[in-house]
Amino acid sequence: MGRRESVSIFGNDYPTPDGTGVRDYIHVVDLADGHIAAMKNLSNKAGVHIYNLGAGFGHSVLDVVNAFSKACGKPVKYHFAPRRDGDLPAYWADPTKAANELNWRVSRSLEDMANDTWLWQSKNPQGYPD
Ligand SMILES: O=c1ccn([C@@H]2O[C@H](COP(=O)(O)OP(=O)(O)O[C@H]3O[C@H](CO)[C@H](O)[C@H](O)[C@H]3O)[C@@H](O)[C@H]2O)c(=O)[nH]1
């Protein structure tokens, strides 16, 4: 954070509400909880079981930039850059099976993700030491 002059947003002419790409973002603690729920549920079930862990809806790149601006208390500078080769306009997970079989669903918002990331980053500006 603070190392780049500006964030490149890859594409602002997608067929999405604000023109930027939409993705399903998940808080790392929700993701960890999903793994724990799977391990508890599957400990006595044979076979391979596959679950999507996601919110089931997306946020745009601008939503993410705005959430981080709010979290850090100042505007995150951005500029629009060309679309990245191979990027799709929008996609998100279908976590229905995880909800039905693991009784798991996300409970943390994009705002929580930005706040917690900013808190961690503020405490560890250079990341963890090797
Ligand atoms: O500097 C950046 C980085 C990302 N984005 C945008 O942010 C969104 C998320 O980008 P990511 O690269 O984090 O994730 P993607 O879902 O686009 O792609 C990732 O997940 C895919 C599968 O879901 C593939 O594995 C792919 O190789 C991997 O990069 C996209 O709209 C992307 O265009 C920007 O605008 N600027």
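Every number for a ligand or one of its atoms is a count from 1 in the order of the listing.
- Under the 30°/60° scheme for interplanar angles, the aromatic rings of Tyr25 and His59 are found to be tilted.
- A donor-acceptor pair is defined here as one N or O able to donate and one able to accept, closer than 3.5 Å; such a pair exists between the side chain of Arg83 and the backbone of Asp13.
- When the side chain to side chain donor-acceptor pair (under 3.5 Å) test is applied to Ser109, the partners found at least two apart in sequence or on another chain are Asp112.
- When the side chain to side chain contact (heavy atoms under 4.5 Å, CB included) test is applied to Ala32, no partner is found at least two apart in sequence or on another chain.
- Taking a heavy-atom cut-off of under 4.0 Å, ligand 1 is surrounded by Ser8, Ile9, Phe10, Gly21, Arg23, Tyr25, Val61, Arg84, Asp87, Tyr91.
- Across His79 and Ser6, no two heavy atoms sit closer than the pair ND1-OG, 2.8 Å.
- Qualifying side chain to side chain contact (heavy atoms under 4.5 Å, CB included) partners for Phe80, counting only residues two or more places apart in sequence or in other chains: Ile9, Asn12, Thr20, Leu62, Tyr78.
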